[in-house]
Amino acid sequence: GARGGAGDPAATSVVEDYNGYSIRPEPFQDRGQWITSGVIEKEFGDEVKQHRFIRADMYPSEEAATDASVFKAKQIIDMMGDDLFALENG
């Protein structure tokens, strides 16, 4: 498909709403494979909290990695709920 110029970052600004959370899949390419990654957001009053996740899962296409990123985010939300925002990266 002709989507954008060569070397553009993933042009998928998909946001999926799930149980009051917003899931933004952000897969990225590494050595020809697409890595599962994304951001989970939720509003708490005036504040928006974010949790970024990256998994080691690799996929041959951006589309497959995007689907996997949404699936993984839903798993994280189902398992942890709001506790996921207590996980500080690092």
Run the side-chain hydrogen bond (donor to acceptor under 3.5 Å, both in side chains) test against E63 and tell me which residues pass, sequence neighbours left out.
none
Do I23 and I77 come within less than 4.5 Å of each other through their side chains, counting heavy atoms only?
yes
Joint hydrophobic cluster, F53 plus L84, side-chain heavy atoms closer than 4.5 Å
yes
Check whether any side-chain heavy atom of M80 sits under 4.5 Å from a side-chain heavy atom of H51, and report yes or no.
no
Sequence neighbours excluded, which residues qualify as side chain to side chain contact (heavy atoms under 4.5 Å, CB included) partners of Q75?
F71, K72
List the residues meeting side chain to side chain contact (heavy atoms under 4.5 Å, CB included) with N19, not counting sequence neighbours, and say none if there are none.
Y21, D78
Note: W34 and S61 closest approach over all heavy atoms is CD1-C, 3.3 Å
S69 side chain to S37 backbone, donor-acceptor under 3.5 Å
yes
Check whether any side-chain heavy atom of P27 lies under 4.5 Å from a side-chain heavy atom of I35, and answer yes or no.
no
Quick one: side chains of residues 40-50, donor-acceptor pairs under 3.5 Å with protein atoms, not counting sequence neighbours, listed by atom name and distance.
residue : atom : partner : partner atom : Å
E41     : OE2  : R24     : NH1          : 3.0
E41     : OE2  : Q50     : NE2          : 2.6
K42     : NZ   : D82     : OD1          : 3.0

I want to check something: taking the side chain as every heavy atom from C-beta on, are F28 and I54 in contact at a cut-off of under 4.5 Å?
yes
